Amino acid sequence: MSDVILQARNVWKVFGKGANGLPGDPGAWDAAALRRQGGVVGVQNATFDVRRGESFVIMGLSGSGKSTLLRCMTGLYPVSGGNVILDGVDLSRASRDALVALRRQKVGMVFQSFALLPHLTALDNVAFPLQVTGVPRAARRERAAKVLALVGLNGLEGRFPSQMSGGQQQRVGIARSLIADPAVWFLDEPFSALDPLIRREMQDEFMRLQSQLQKSIVFVTHDLEEAVRLGDRIVIMAEGRILQIGTPEDVIMNPATDYVRRFVSGMPKSRVVRVGRIMQDASNAPEPTVATIAASATLSEVLPRLLQSSGPVPVADADGRIVGTVDRNEVVAWL
Ligand SMILES: Nc1ncnc2c1ncn2[C@@H]1O[C@H](COP(=O)(O)OP(=O)(O)OP(=O)(O)O)[C@@H](O)[C@H]1O
Ligand SMILES: [Mg+2]
């Protein structure tokens with residue numbers, strides 16, 4: 001099984017005039033020429049892989065092309081140029097019927113606006129995708145009840161959307177997106193409509209779910225903090241272009257352009273830099289009786305612990321081996 005679940009190769013999406021792109025290789029198309037023809041360039045020349053099981057976050061300001069790129073990735077928009085290959089299937093070569101079937105089977109989608117059906121209960125909203133594919137009523141309701149419990153909504157099965165809070169409605173949206181066990185889970189600003197406290201709670205919940213489900217995720221947000229919290233890798237977009245793809249640590253420590261540098265400048269480095277990056281070698285490691293800290297933890301996570309210790313603290317890798325030491329003076333320099 002390939003470790004890549006989705007490939008985007010020189011993907012373009014142009015609206016209006018020039019929607020079919022230009023002749024020749026999309027890798028060599030010129031956005032300015034498309035604009036001169038009267039086209040609106042939503043996405044230009046996007047090339048990347050989404051790996052199986054990773055959380056891939058698309059981030060950028062309003063209008064930068066995030067939703068357009070996501071819709072190209074799900075087959076909802078036909079691309080103007082380039083290719084999207086979802087779990088081995090080239091979306092631009094699939095027939096209309098094949099595409100509909102593929103989207104039902106492989107794509108789970110959560111929207112910012114929740115997009116629930118107002119006349120259906122929570123349970124029936126969640127079961128709806130299975131109704132469309134003809135799963136018998138009892139079976140789909142049983143499965144829907146399980147997924148609702150997974151997102152913490154037991155007891156609310158019979159509520160209508162108007163009888164639930166925003167956070168509860170979005171949990172229904174999340175449950176609905178998971179009911180068909182999709183190969184890729186797409187979320188377009190799922191928490192932006194929620195107030196900050198609920199938002200944080202939903203992010204925690206999302207991380208809990210992901211540690212259980214290990215889905216391949218494409219998550220759109222315009223909030224850098226959310227991107228850093230939830231992303232294994234982050235894509236930074238501006239004006240339809242991908243400026244950088246990397247881990248949160250890469251993007252914040254080594255911004256590829258001035259735009260990215262300005263974009264990430266408000267994020268404290270201690271939130272993303274991991275202990276393994278700044279540790280010293282293990283030669284001055286203290287007695288093994290001193291509790292270790294994880295090389296994979298961020299500096300801000302270990303700070304409280306380090307502030308209580310005066311000397312070097314041993315750092316352990318995922319297998320518990322001592323791989324280095326840090327002391328608080330080194331960490332304080334990153335704050
Ligand atoms: N159907 C459409 N027809 C014409 N232009 C469009 C269409 N959809 C999007 N665009 C344009 O494409 C660009 C990218 O829009 P998109 O919705 O992808 O941005 P976004 O990054 O998701 O923004 P937001 O954070 O506001 O949701 C914008 O300039 C937008 O006006
Ligand atoms: Mg959008």
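One-based numbering along the sequence shown. Just follow the structure's listing: the first ligand is 1, and inside any ligand the first atom is 1. From a predicted model like this one, the values you see are computed outputs, not experimental measurements.
- Of the protein's non-hydrogen atoms, Phe15 CE1, 3.5 Å is the one closest to atom 9 (C) of ligand 1.
- Residue Gly65 places a heavy atom less than 4.0 Å from ligand 1.
- A salt bridge does not link Arg229 with Glu226: every distance from a Lys NZ or Arg NE/NH1/NH2 to an Asp or Glu carboxylate oxygen is 4.0 Å or more.
- In this structure, Gln170 and Val110 have side chains that are in contact, with non-hydrogen atoms separated by less than 4.5 Å.
- Classification of Lys215 and Asp181 as a salt-bridged pair holds, one side-chain N sitting under 4.0 Å from a carboxylate O.
- To the nearest 0.5 angstrom, Leu69 atom CG is 12.0 Å from Tyr77 atom OH.
- At a threshold of 4.0 Å, the pair Arg199-Asp223 counts as salt-bridged, since one of the basic side-chain nitrogens sits closer than that to a carboxylate oxygen.
- Between atom CZ of residue Phe160 and atom CG of residue Leu120 there is a gap of 8.0 Å, rounded to the nearest 0.5 Å.
- Within the structure, salt bridge (Lys or Arg N to Asp or Glu O under 4.0 Å) contacts touching residues 4-32 (residues at least two apart or in different chains) are Arg9-Asp49.
- Applying the 4.0 Å criterion to heavy atoms of Ser64 picks out, from ligand 1, the atoms 19 (O), 21 (O).
- Counting protein heavy atoms only, atom 18 (O) of ligand 1 is closest to Thr68 OG1, 2.5 Å.
- Between Val41 and ligand 1, a contact under 3.5 Å exists for no N or O pair.
- In this structure, Arg277 CZ and Ser296 OG are separated by 14.5 Å, a value rounded to the nearest 0.5 Å.
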Inset, instruction - Using the side-chain contact (heavy atoms from CB on, under 4.5 Å) rule, take Met279 and Val326 through it: C-alpha gap first, then chi angles, then the decisive distance, then the call. - result: CA-CA 5 Å; Met279 66 189 180; Val326 279; 3.9 Å; yes

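- Atom 21 (O) of ligand 1 has as its closest protein heavy atom Lys66 NZ, 2.8 Å.
- Distances between N or O atoms of Gly63 and those of ligand 1 include at least one value under 3.5 Å.
- A salt bridge is defined here as a Lys NZ or Arg NE, NH1 or NH2 lying under 4.0 Å from an Asp or Glu carboxylate O, and Arg52 with Asp87 meets this definition.
- Between Val273 and Glu249, the closest side-chain pair of non-hydrogen atoms falls below 4.5 Å.
- Scanning the protein for heavy atoms near atom 26 (O) of ligand 1, the closest one is Ser62 OG, 2.5 Å.
- Looking from atom 30 (C) of ligand 1 to the surrounding protein, the closest heavy atom is Val40 CG1, 4.9 Å.
- Checked for salt-bridge contact, Arg271 and Glu225 meet the test: a charged N lies under 4.0 Å from a carboxylate O.
- Contact between Leu69 and ligand 1 is absent, with no heavy atom of the residue lying under 4.0 Å from the ligand.
- Under the 4.0 angstrom criterion, atom 14 (C) of ligand 1 counts as having a protein heavy-atom contact.
- If you number the atoms of ligand 1 from 1 as listed, the ones under 4.0 Å from a heavy atom of Leu61 come out as 21 (O).
- Here's the thing with Glu189: one of its N/O atoms is less than 3.5 angstrom from an N/O atom of ligand 1.
- Screening the protein for N, O or S atoms under 2.8 Å from the Mg ion (ligand 2) yields 1; no waters enter the count.
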